[in-house]
Colleague: 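Let me give you the structure first, and then I'll get to my questions.
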Amino acid sequence: MRFSFKECCFKPVADEPDIEIEGSLVHKDSEEGQILCAEKEVGRKSKTLFSCITTATQTTINPPREVACQTESQPLLVNYSATANQWEIYDFYQEELQKRTSSTKKDEKENEIAEGAEGVHGNLSLLRDFTDKSDHDLAMLSTAAKLLEYAVNENINGDIIADFKHFEDEADEFRGDKGTLLPLWEFQYNKVKSLPVSALCWNKKYNDLFAVGLGSHKFTELECGMLLFYTWRNNNHPEFLFNTDSGVMCVDIHEQKSHLVAVGLFNGNVCVYNLMAKGDQPIYNSMASSGKHSGTVWQVKWWEDDLYGNHTFFSVSADGRVVSWTLGKYELFSTNIIKLPPMDKVPDDLNNVIVTAGLTLDFHKQKPYHFLVGTEAGKIHKGSTHYTRFIKTYEAHFRMVSCVRWNPFNPKVFITCGMDWRVNIWDETTDSPVFTFDLKSSVMDVAWAPYSSTVFAAVTADGKVHVFDLSINRFEALCQQRVVSTKRHLTCIEFNPVHPIIIVGNDRGLVISLKLSPNLRKNPKEEKGKEPSTGAEVEIAKMEKLLILMR
Amino acid sequence: MAEVEDTLKRIQAQHGVIGTIVVNGEGIPIRTTLDNSTSVQYAGLLHQLTMKARSAVRDIDPQNELTFLRIRSKKHEIMVAPDKEYLLIAIQNPSE
């Protein structure tokens, strides 16, 4: 039957049926139906389609097996990074080199003992490092701390350093021949305001380092003394500081071995300090020596090494003797060089009792066995280490001679200054001074300039510095400048060997450094067309011309 | 040891110095006169800078060594003194 949409009802269809399905029902009157009924009654299984059992064939089933592949676990990943700079390579090579050299050294010794000892020492040192780490390492910072202090001071004193390096007073052109002194750094150690400066000495090797000796020669003042070393890179605090039990009267730094410093004290002792050694004590002290001085040592000067290479220095003292000291292995050996002749007024039988104090000593620059000694009687004696008597005597001053120095260039000229207000310049062959200057006040110290044979400077007790240049003006000073207040005396002066700087010390422990203005450093005008010449010969010639002029 | 202490005290007492710091090898301040946070900041930054500066100097010439480092700025100047393992730093106001 089919549904017809046209007529909206079911209609029988005469065609073939659409679906034909074989059913499983059998009519009961058919043959098969009747057999089935009969079997059902009997109860036997029939041999119809549905009573066949199919037997399927089965193959053996292999159980599924898992086969997998696993690699070994990866090694630990560590991040490594390094740089390969020039210096890393260099450092590595240096270490290798050291290891190799130390291993060859080890081979030379007996291996077992050496290694055993190394092991023990190695452990000990490790332990020590571990325990004292804080103290041990901070002490290594001393260089760094020093550098830092210099830098901080440089910032504070920046304008002073600029002046020192670059300032040239242009007003000098309008001042004619006169010059001025520009004050630069001031050095004052706070704890010694009452000790006068008794000695100054520049270090020849390190041009910014100088020694200051503090001590008083007056009985009423303090007994103690100090030796300080300053550098202008740090004007607040001395680089080295030594306390002495007696006032320091004179200081000299060895020219080549600038760590050796000879000091003469008020109580007659001489000491030698080694700046490279730690500690406050001198390495040599003449206290135990038999030949020591019985009076204040007024001047010490280093001399050449003796035949065996031991360092030697001379000292002159208030007991009238000039003594040479040699640095032996553990102590000082003294040799009497000469005894100063007695003063005129002393009667003959008291010659050995009343002595003439020697106040100053200087060695000749070119002939080191010649020396000059100035005495409190106002005389200058020229002596030699070869002879036991003085070669010549000059009547220099009416009162004490406070300083005598040879000219650094001209071998015949020396300068002396005394408490009689005079500065005299001598030619060693004549008996009377070539030049005389009256400075209106006791002259405490005088020094030749290292750059010119005709320039010298003197300090007086009224606080003035006088600078002379004989090739420019033979009669008066080019500069007379007061550098300290009226109440203070100036006691010492020294020229820096390289820079145009002088240092002066006063009687209150203050050291002032001053820069010389260009007029004070001039070379005399050459003829036009010639180049300005420098050198020792020129300086000697300059002085010679002057001497000839004065004869 | 006492010498270094004295020197540091003197530096601190100088005119215009704002502070000083001692830094160890790892960039940690071990001694300072400034407050903690500032010190740590300075220490860390300057440690790195010093390493870099030292590397630069030695790279050019391995036999050379850095001895001092100064950084001048508008307001202050920072000065660093390196040592084998330590650093000393000082900050100063240079203008008077």
Side-chain angles (χ1 to χ4, degrees), chain A residues 81-97 129 132-162 185-191 230-231 233-241 278-280, chain B residues 1-25 30-31 50-52 54-72 76-96:
Chain A
S81 68
T83 49
N85 286 328
Q86 280 266 49
W87 52 272
E88 297 221 4
I89 300 169
Y90 177 81
D91 279 349
F92 181 76
Y93 275 121
Q94 291 291 89
E95 273 177 36
E96 269 297 307
L97 199 67
D129 280 346
D132 313 329
K133 218 169 164 76
S134 53
D135 297 337
H136 174 72
D137 292 330
L138 265 189
M140 292 190 326
L141 281 178
S142 52
T143 344
K146 217 180 232 312
L147 277 178
L148 199 62
E149 203 179 353
Y150 287 164
V152 167
N153 273 306
E154 196 182 318
N155 276 336
I156 296 174
N157 294 329
D159 45 352
I160 297 181
I161 294 175
W185 299 276
E186 286 190 8
F187 303 88
Q188 170 109 49
Y189 188 48
N190 285 326
K191 299 182 191 157
Y230 277 104
T231 161
R233 289 188 280 172
N234 183 352
N235 65 343
N236 258 306
H237 190 85
E239 297 293 304
F240 301 99
L241 197 156
K278 298 202 204 301
D280 208 27
Chain B
M1 172 64 190
E3 242 183 74
V4 177
E5 298 257 7
D6 275 345
T7 314
L8 287 176
K9 267 192 227 157
R10 279 202 306 273
I11 293 174
Q12 182 61 36
Q14 291 276 28
H15 187 76
V17 173
I18 299 171
T20 55
I21 309 171
V22 181
V23 181
N24 75 350
I30 52 180
R31 185 195 242 124
T50 314
M51 291 288 133
K52 197 78 187 172
R54 189 184 269 153
S55 176
V57 168
R58 293 206 74 203
D59 216 5
I60 295 170
D61 177 8
Q63 291 180 335
N64 204 352
E65 245 183 62
L66 179 70
T67 48
F68 206 78
L69 186 64
R70 282 168 105 153
I71 306 163
R72 199 167 208 141
H76 327 291
E77 172 155 349
I78 303 172
M79 289 165 279
V80 180
D83 190 65
K84 271 208 159 51
E85 301 157 20
Y86 288 77
L87 277 184
L88 281 180
I89 304 172
I91 305 142
Q92 190 185 18
N93 194 349
S95 59
E96 257 88 309

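The chains referred to below are lettered A, B, ... by the order of the sequence lines, with proteins before strands, and numbering in each begins at 1. This one's a predicted model, so the numbers in the text were calculated from it and none came from an experiment.
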Colleague: Heavy-atom pairs under 4.5 Å with chain B - which of A:V152, A:N236, A:N85 has more of them than the others?
Modeller: A:V152
Colleague: How long is the gap from CG on B:L66 to OG1 on B:T50, to the nearest 0.5 Å?
Modeller: 7.0 Å
Colleague: Could you tell me whether B:E65 and B:R58 make a salt bridge, using a distance below 4.0 angstrom between a side-chain N and a carboxylate O?
Modeller: no
Colleague: For B:P62, which residues count as a side chain to side chain contact (heavy atoms under 4.5 Å, CB included) partner, sequence neighbours excluded?
Modeller: A:Q86, A:W87, A:Y90
Colleague: Is B:S55 close to chain A through its backbone or its side chain, or both, or neither, when contacts mean heavy atoms under 4.5 Å?
Modeller: both
Colleague: Can you pull the salt bridge (Lys or Arg N to Asp or Glu O under 4.0 Å) pairs that have at least one residue in residues 16-25 of chain B, sequence neighbours excluded?
Modeller: none
Colleague: With respect to chain A, which residue among B:Q63, B:Q14, B:K84 yields the maximal number of heavy-atom pairs within a distance under 4.5 Å?
Modeller: B:Q14
Colleague: Quick one: of B:I89, B:T7, B:D59, B:L88, who has the most non-hydrogen atom pairs under 4.5 Å with chain A?
Modeller: B:D59
Colleague: Should the pair B:R31-B:E5 be classified as a salt bridge under the 4.0 Å nitrogen-to-oxygen rule?
Modeller: yes
Colleague: Could you look at A:D159 and say if it's the side chain, the backbone, both or neither that has a heavy atom under 4.5 Å from chain B?
Modeller: neither
